[in-house]
Amino acid sequence: SKPMGHTAASSRVDLKRHGARTLADALNLMPQIYPGRHGAYTVVGARGIGRPSDFNARVLLVVDGVRMNENIYDSALVDQSFILDIDLVDRIEYAPGPGSALYGNNAFIGVIQVFTRRGGQLGGWRTSLQVDRMGEQRVGVQGGWRTEDGAEWLVAVGRGLSRRIPLDPRIMDDFNPLLSLDTVLSRRWDWSTRYMVSGHWSGWSWMWAQSVAERGFPTLRWNDAHDEILYLQDRESDTSRVLSLAYDGSIAPDWDLHWSFQRSRYVYAYESPAIENSPNYFSRANGRWQYVDLRLENHSLAGHHWVFGVEQQYDRLRDMLAGNDANIFFGPLQERAHRYGVYLQDSWEFNPKHVLVAGWRRDVLPGVYAANSPRIAWNYRPGERDIVRWQYGTAFRAPNLYERVGNELYGVPSPAPERMRSHQWSWEREWQPGWRTQLTHFRSRVIGLVEPDASGFITVNDDNIRSFGWEWL
């Protein structure tokens with residue numbers, strides 16, 4: 001289950017040292033990935049690829065083995081809408097590119113893995129309080145225990161409030177001629193509430209988590225009744241919920257089993273208030289899905305580590321609705337769908353200096369698409385302190401409901417899944433314990449990039465794009 005290439009990591013100590021308050025702050029400390037604020041959300045880019053409008057659909061977010069990308073926008077929420085309080089994070093890893101056959105849809109530009117703390121690490125109750133001069137307030141209560149039979153429990157509640165959040169300068173230009181900066185920022189805020197209960201015992205693990213994040217932001221509306229511009233307060237919210245159960249353990253000599261099941265829900269809501277002679281505007285999205293993953297690992301052949309797995313995602317509900325008090329623009333849609341994946345990977349250490357990793361994956365959405373994704377990597381140790389890596393990987397991403405809804409309204413066929421091919425060479429040297437450097441050259445090609453057309457109402461497969469460069473870490 002290890003990635004084929006280099007993985008960047010940040011520990012809990014790193015997050016505390018740099019004062020990370022959200023997952024986005026933590027990712028900003030890591031190389032090769034570049035989070036940035038775009039409107040109400042933080043978007044993530046890597047190696048020249050990052051679309052502000054995709055809501056991080058091209059990066060896969062995993063928490064303790066649980067996929068967090070929802071099934072409407074495929075978004076990976078990494079700011080105040082992230083499902084966990086940052087105080088519960090023990091370690092974060094980021095693997096750039098399509099680096100393993102274990103991941104399917106969304107593992108396009110990289111995989112973010114978040115590992116949470118266990119109850120035994122807390123050893124009782126803890127409280128935290130943070131207030132800063134920028135108007136951010138955070139309070140949290142966590143409790144953790146380890147029983148005599150080895151079971152670990154963790155309970156956590158957290159709440160955060162941010163005020164006077166800076167706006168993108170391009171957005172401020174719309175307000176500057178009309179309102180003062182202080183007036184605009186007084187309407188820019190967000191608050192969040194998070195709950196989590198988790199446990200571990202004898203190879204079993206379970207988690208229930210929920211987050212509710214609401215944001216307020218200023219907007220300008222024209223009032224026809226009085227021939228004037230009004231300054232209003234819009235609101236939007238994200239609600240995420242997940243329940244998961246997993247088992248990791250040995251079932252026979254040289255055989256390991258991983259099994260996991262999750263049920264998740266995501267709700268998005270937006271509302272702009274009504275004014276005289278103008279109705280309120282609203283948008284809703286509601287997603288429910290369940291996901292099952294079964295993986296077997298075998299070490300019986302000398303030098304080989306085989307991984308075989310199957311997975312299924314059942315989208316129980318994918319619904320969108322938008323309109324105002326007078327008209328419904330589109331929806332309700334109320335889709336259902338199944339997605340299947342099967343993968344095989346072998347890591348072969350045929351001598352102490354050479355490791356060859358080869359993988360293959362096939363993903364199927366019946367009646368819509370089927371995608372094969374081969375991956376291969378080679379690691380070579382010319383000396384005790386040097387590692388040379390080569391990696392070739394492919395990935396795909398199918399258009400989500402948000403990207404298809406405009407096409408369906410206008411009777412236009414939905415775009416095909418976009419695909420990526422990526423090559424990477426790297427050289428890593430450990431100069432002394434705790435100090436190492438890495439030089440990487442990468443080349444990627446995205447085929448059939450899915451993005452809005454000039455009208456902004458429908459999505460198309462755009463021209464192929466290429467990305468290449470060097471990284472020195």
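Note that this is a predicted model, so its numbers are computed, not measured.
- Taking the six-membered ring for Trp, Trp204 and Tyr247 have ring centres closer than 6.0 Å.
- We find the CZ-CG distance between Arg17 and Asp14 to be 5.0 Å, quoted to the nearest 0.5 Å.
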Decide side chain to side chain donor-acceptor pair (under 3.5 Å) for Thr437 and Arg429; before the verdict, give the C-alpha distance in whole Å, the side-chain angles of both, and the deciding distance to 0.1 Å.
CA-CA 6 Å; Thr437 57; Arg429 160 158 281 212; over 6 Å; no
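- At least one test fails for Arg389 against the ring of Trp425: distance under 6.0 Å to the centre or angle within 45° of the axis.
- Taking the centre of each ring, Trp206 and Trp153 come in below the 6.0 Å mark.
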One pair to check against salt bridge (Lys or Arg N to Asp or Glu O under 4.0 Å): Glu152 and Arg118. What are the steps and the verdict?
CA-CA 7 Å; Glu152 296 183 85; Arg118 292 194 173 193; 3.4 Å; yes
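- Asp25 CG to Thr22 OG1: the interatomic distance, rounded to the nearest 0.5 Å, is 3.5 Å.
- Separating the CZ atom in Phe442 from the CZ atom in Phe468 is a distance of 9.0 Å, to the nearest 0.5 Å.
- Side-chain contact of His258 with Glu297: a donor-acceptor pair under 3.5 Å is absent, judged by distance alone.
- Minimum heavy-atom separation, Ala20 to Ala26: CB-N, 4.0 Å.
- Under 3.5 Å, the side chains of Ser426 and Glu428 contain no donor-acceptor pair of N or O atoms.
- Between the side chain of Ser250 and the backbone N or O of Trp255, at least one donor-acceptor pair lies under 3.5 Å.
- In this structure, a donor-acceptor pair under 3.5 Å is absent between the side chains of Asp293 and Trp259.
- Partner of Asp87 under the salt bridge (Lys or Arg N to Asp or Glu O under 4.0 Å) criterion, out of Arg138, Arg126, Arg21: Arg138 alone.
- Donor-acceptor pairing under 3.5 Å is lacking for the side chains of Glu93 and Thr7.
- Side chain of Glu408 to main chain of Val405: no donor-acceptor pair is present (N/O by atom type, distance under 3.5 Å, no hydrogens or angles).
- By the 30° and 60° cut-offs, the orientation of the rings of His441 relative to Trp470 is tilted.
- For Tyr380 and Trp378, the ring centers sit closer than 6.0 Å to each other.
- Taking the six-membered ring for Trp and thresholds of 30 and 60 degrees, His304 and Trp348 have nearly parallel ring planes, at less than 30 degrees apart.
- Defined by atom type and a distance below 3.5 Å, a donor-acceptor pair is present between the side-chain atoms of Thr193 and Arg159.
- Checked by atom type, the side-chain pair Arg362/Asn372 shows a donor-acceptor distance below 3.5 Å.
- Cation-pi contact between Arg361 and Tyr343: absent, since separation from the ring centre below 6.0 Å together with deviation from the ring axis within 45° is not met.
- To the nearest 0.5 Å, atoms CG (Leu356) and CD1 (Ile376) are separated by 5.0 Å.
- Defined by atom type and a distance below 3.5 Å, a donor-acceptor pair is present between the side-chain atoms of Tyr291 and Glu311.
- Between Asn106 atom CG and Arg397 atom CZ the span is 7.5 Å, to the nearest 0.5 Å.
- Aromatic pair Tyr402/Phe55: centroids less than 6.0 angstrom apart.
- Under the 3.5 Å distance criterion, the side-chain polar atoms of Arg316 are left unmatched by any main-chain donor or acceptor of Trp289.
- Side-chain N/O atoms of Thr459 and Asp453 include no donor and acceptor closer than 3.5 Å.
- There is a side-chain donor-acceptor pair under 3.5 Å between His338 and Gln312.
- The minimum heavy-atom distance linking Gln32 with Ala8 is given by the pair OE1-CB, 4.5 Å.
- Taking OG of Ser240 as the reference point, atom CD of Gln210 lies at 9.0 Å (rounded to 0.5 Å).
- Side-chain N/O atoms of Thr116 and Asp64 include a donor and acceptor closer than 3.5 Å.
- In the model, Asp315 has a side-chain atom that pairs as donor or acceptor with a side-chain atom of Asn71 under 3.5 Å.
- Tyr41 carries Arg215 over the face of its six-membered ring, with the cationic atom under 6.0 Å from the centre and within 45° of the normal.
- Scanning all heavy atoms of the two residues, the minimum distance from Ala76 to Asn56 falls at O-ND2, 2.9 Å.
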